[in-house]
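One structure below.
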Amino acid sequence: MKKLLMLLSLAAAATGAAQAGTYAMRQEASCPIVSAGELAEAVQKAGKVNNLSLPKDMLLRAELHCAAEGKRYVYSVRASIEKQVSDGEQMRWTPVAHVTGYGSTPNRAALLRQVSFTVGDVIRQEP
């Protein structure tokens, strides 16, 4: 009996661990130095570090836009947590938390670091 209880508690712990960090994600990027895969990786990493777990009717949206200005890149990063709501007959996504960051950076690594910080900031605002 003791072994059965131990196995059940381990199974429950594993199930909880599998559910933590689950969320849907959408992204948009228009930045020549960051690929869509790199952006997705930075967002996933920030979600994992901050242990983000959202219900099925919510998602994390990340937008990255940048342009070259001399030897630097001017960027804007917007991260939001959105919830699906019904307006009568139509369903739409509405932001429940959002953060926008602006700045300039000389390289891709610093820009991806800023993406992670911005995503982390919006996760800490989660309602």
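Quick note: residue numbers are just sequence positions, from 1. Note that this is a predicted model, so its numbers are computed, not measured.
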If I take atom CG from residue L54 and atom CE from residue M25, how far apart are they, to the nearest 0.5 angstrom? 12.0 Å

Would you mind reporting whether L60 and V122 have side-chain heavy atoms less than 4.5 Å apart? yes

Taken to the nearest 0.5 Å, the spacing of L112 CG from K45 NZ works out to 9.5 Å

Who else is in the cluster with Y102 when I, L, V, M, F, W and Y are joined by side-chain contacts under 4.5 Å? none

For the side chain of Q27 and the backbone of E63, is there at least one donor-acceptor N/O pair under 3.5 Å apart? no

Could you check whether any side-chain N or O of E38 sits under 3.5 Å from a backbone N or O of S35, counting only pairs where one atom can act as donor and the other as acceptor? yes

Looking at side-chain heavy atoms only, is the closest gap between Q44 and Y23 below 4.5 Å? yes

Please determine whether residues L59 and I123 belong to a single hydrophobic cluster, defined as Ile, Leu, Val, Met, Phe, Trp and Tyr linked transitively by side-chain heavy-atom distances below 4.5 Å. no

Close side-chain approach of V34 and L64, heavy atoms under 4.5 Å: yes

How close do G101 and T118 get, heavy atom to heavy atom, and via which atoms? N-CG2, 4.5 Å

Report yes if the side chains of V96 and M58 come closer than 4.5 Å at any heavy-atom pair, otherwise no. yes

With clusters defined by side-chain heavy atoms of hydrophobic residues (ILVMFWY) lying less than 4.5 Å apart, directly or transitively, does V43 cluster with I33? yes

D121 side, atom CG; Q114 side, atom CD - distance, nearest 0.5 Å: 8.0 Å

State whether the side chain of D87 and the backbone N or O of Q90 hold a donor-acceptor pair below 3.5 Å, judged by distance alone. no

CD (E41) and OG (S116) are apart, to the nearest 0.5 Å, by 9.0 Å

For the student: nearest non-hydrogen atoms of V115 and A42, plus distance: CG1-CB, 4.2 Å

Using distance only, find each side-chain donor-acceptor pair of residues 73-84 under 3.5 Å and give its atom names and separation, not counting sequence neighbours.
unit_1	atom_1	unit_2	atom_2	d
S80	OG	E82	OE2	3.2
E82	OE1	R61	NE	3.2
E82	OE1	R61	NH2	3.1
E82	OE2	R61	NE	2.9
K83	NZ	D57	OD2	2.6

E28 vs H65, test: side chain to side chain contact (heavy atoms under 4.5 Å, CB included). Steps then yes/no. CA-CA 8 Å; E28 179 182 319; H65 304 283; 3.2 Å; yes

